[in-house]
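All remarks here apply to the structure that follows.
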Amino acid sequence: MKLRLLLILVWIPCQLAAHGLRPLVWVIDAGHGGHDHGTEGRLCMEKDVNLRISQLLVKLLAKHKPGIRVITTRDKDEFVSLEARCRKANRANADLFLSIHVNSAPNKLLTGTESFYARRGATNNAVLEGARSRYIDKSELLALLLQKNYYDAGRPADRGIKAKSLYVTANVMMPSVLTEVGFMSNREDEIYLASESGQQEIARMLFNALMEYYTTTQAKTHKKTLKTLRHSNGTRSGVDALRLEVKDKPAKKDKPAKPDNRAVPDNRAVPDNTENPESPENPKKTENADIPEEKPTPAIPVFSIQLFSNSTEMKPDDKRLKGLSPVTFVKVGDTFKCLYHGTTDYQQAREELKKVRQKFPDAFIVAFLGEKPVSTAEALEMVRPAR
């Protein structure tokens with residue numbers, strides 16, 4: 001009797017939502033909180049990063065999609081149990097559940113993003129399993145859209161989506177995804193995650209993914225979009241949705257601002273050296289001053305697959321390379337990075353990475369500009385066509 005009543009209570013709001021008689025309800029879950037710090041880095045703790053990104057995301061949704069009712073599992077630094085998070089979402093009869101987390105690993109070179117959705121058979125609860133069967137495609141769709149938008153924004157190492165039974169995705173009766181926005185254990189990732197600009201950018205990535213999800217599910221084309229994403233390995237959705245620029249564009253100015261570190265007395269202007277063209281700061285122009293200086297053509301970044309790092313170089317026939325050839329060793333600091341398959345085509349590197357991970361599951365993409373290592377995000381900005 002109780003089970004039948006629960007099913008009715010869930011079914012009625014779903015029917016109302018299907019007919020547009022109630023607003024959509026989305027739950028944004030900031031992982032951890034209170035005494036549960038999550039993973040900890042040198043600069044910040046996971047619970048704080050999760051909360052800040054969720055708050056920024058909620059603001060974006062309130063501004064651009066006020067018709068969607070957004071519920072948060074926590075809006076301050078407090079402990080909320082996993083059971084309470086799921087219970088809150090289920091009682092609200094939510095239409096979507098997104099849990100925000102930060103990753104960590106013993107291998108400090110690991111970087112990137114990944115998203116999880118619950119697989120079938122995650123629990124023995126018939127009601128939950130019934131809901132998951134109805135929504136598993138939408139959960140996979142949301143996970144793919146999240147990874148697509150990380151990729152579009154140039155986040156490093158797209159680690160893909162995984163069907164895995166995590167508590168918060170397995171115990172809610174709606175499309176649900178847990179997304180890992182970076183690795184706190186990776187120094188570069190942590191610096192990015194701890195920064196206000198990084199947190200704002202990630203919030204916009206999440207927002208853009210949610211807008212694509214919203215557009216395709218409202219148009220009831222989510223199955224077609226899911227097929228497109230699967231076919232394109234999660235790089236294209238074909239959805240024309242509301243999008244925000246991930247990175248703020250600098251304001252255009254006629255002349256670049258010149259930094260000036262000199263102390264300026266009150267109500268007195270800094271002397272303008274251009275009035276004295278022969279001053280030491282502004283030497284007299286030479287006869288060739290009007291000839292523009294020839295600038296070297298910038299190098300094209302090369303994307304390689306880092307298999308592992310080692311304290312010494314290895315021979316080409318070393319068994320630890322598992323037959324992969326040719327490989328190169330690049331010394332960075334006190335370690336040698338073992339790199340395989342250099343290409344200027346990022347998509348080609350992604351395809352090759354899928355094959356390499358059959359032998360090296362923790363392999364990931366790195367970028368070099370000449371001999372200088374650069375972040376994947378920087379490299380993608382260099383090769384991305386101007387909009």
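What you see is a predicted model, and the numbers here were worked out from it, not measured in a lab. Numbering of residues begins at 1 and proceeds along the displayed sequence.
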Practice prompt. Just do the side chain to side chain contact (heavy atoms under 4.5 Å, CB included) check on Tyr214 and Ile68 with the steps written out, would you?
Written response: CA-CA 10 Å; Tyr214 171 84; Ile68 298 175; 3.9 Å; yes
Discussion item. Once side-chain hydrogen bond (donor to acceptor under 3.5 Å, both in side chains) is applied, do any residues pair with Tyr213, and if so which ones, sequence neighbours excluded?
Written reply: none
Worksheet entry | Check: Thr169 main-chain N/O paired with Ser176 side-chain donor or acceptor under 3.5 Å | yes
Worksheet item: Who pairs with His35 by ring-ring contact (aromatic ring centres under 6.0 Å, His included), at least two apart in sequence or on another chain?
Response: Phe79
Discussion item. Which residues pass the ring-ring contact (aromatic ring centres under 6.0 Å, His included) test with Phe308, not counting sequence neighbours?
Written reply: Phe360
Response to the item:
Excluding Leu43, membership of its hydrophobic cluster (Ile, Leu, Val, Met, Phe, Trp, Tyr; side-chain heavy atoms within less than 4.5 Å) reads Ile191
Fill in: Salt bridge Glu245-Arg204, side-chain N to carboxylate O under 4.0 Å
no
Fill in: Partner set under side chain to side chain contact (heavy atoms under 4.5 Å, CB included) for Ser237, not counting sequence neighbours
Leu145, Lys148, Glu212, Thr225, Leu229, Val239
Worksheet item: Which pairs with one or both residues in residues 353-366 pass side-chain hydrogen bond (donor to acceptor under 3.5 Å, both in side chains), sequence neighbours excluded?
Response: Asn233-Lys354
Worksheet item: When you check the gap from the basic side-chain N to the acidic O, do Lys223 and Asp137 get nearer than 4.0 Å?
Response: no
Practice prompt. Please check if atom NZ in Lys322 has more than 12 non-hydrogen atoms from other residues, nucleotides or ligands closer than 6.0 Å.
Written response: yes
Worksheet item: How many angstroms lie between CZ in Phe364 and CG in Leu109, if you round to the nearest 0.5 Å?
Response: 5.0 Å
Practice prompt. Please name all residues satisfying side-chain hydrogen bond (donor to acceptor under 3.5 Å, both in side chains) with Glu201, sequence neighbours left out, ordered by chain then number.
Written response: Tyr192
Response to the item:
Sequence neighbours excluded, the answer for side chain to side chain contact (heavy atoms under 4.5 Å, CB included) partners of Asp345 is Thr343, Gln347, Gln348
Response to the item:
Sequence neighbours excluded, the answer for side chain to side chain contact (heavy atoms under 4.5 Å, CB included) partners of Lys108 is none
Item to complete: Kindly write out the residues that satisfy side chain to side chain contact (heavy atoms under 4.5 Å, CB included) with Val58, not counting sequence neighbours, or none if the list is empty.
Response: Ile28, Val70, Thr72
Discussion item. Nearest 0.5 Å, please: how far is CG in Leu142 from CG in Leu226?
Written reply: 11.5 Å
Practice prompt. Is it possible for you to say whether Val177 and Leu82 belong to one hydrophobic cluster, with membership spreading through side-chain heavy-atom contacts below 4.5 Å?
Written response: no
Fill in: Qualifying residues under ring-ring contact (aromatic ring centres under 6.0 Å, His included), relative to Phe303, sequence neighbours excluded
Tyr346
Fill in: Exercise: identify the closest heavy-atom pair between Leu242 and Asn208
O-OD1, 4.2 Å
Discussion item. Could you check whether Arg320 pairs with Asp318 (Lys NZ or Arg NE/NH1/NH2 to Asp/Glu carboxylate O, under 4.0 Å)?
Written reply: yes
Worksheet, complete the sentence: By ring-ring contact (aromatic ring centres under 6.0 Å, His included), Tyr167 pairs with (sequence neighbours left out) none
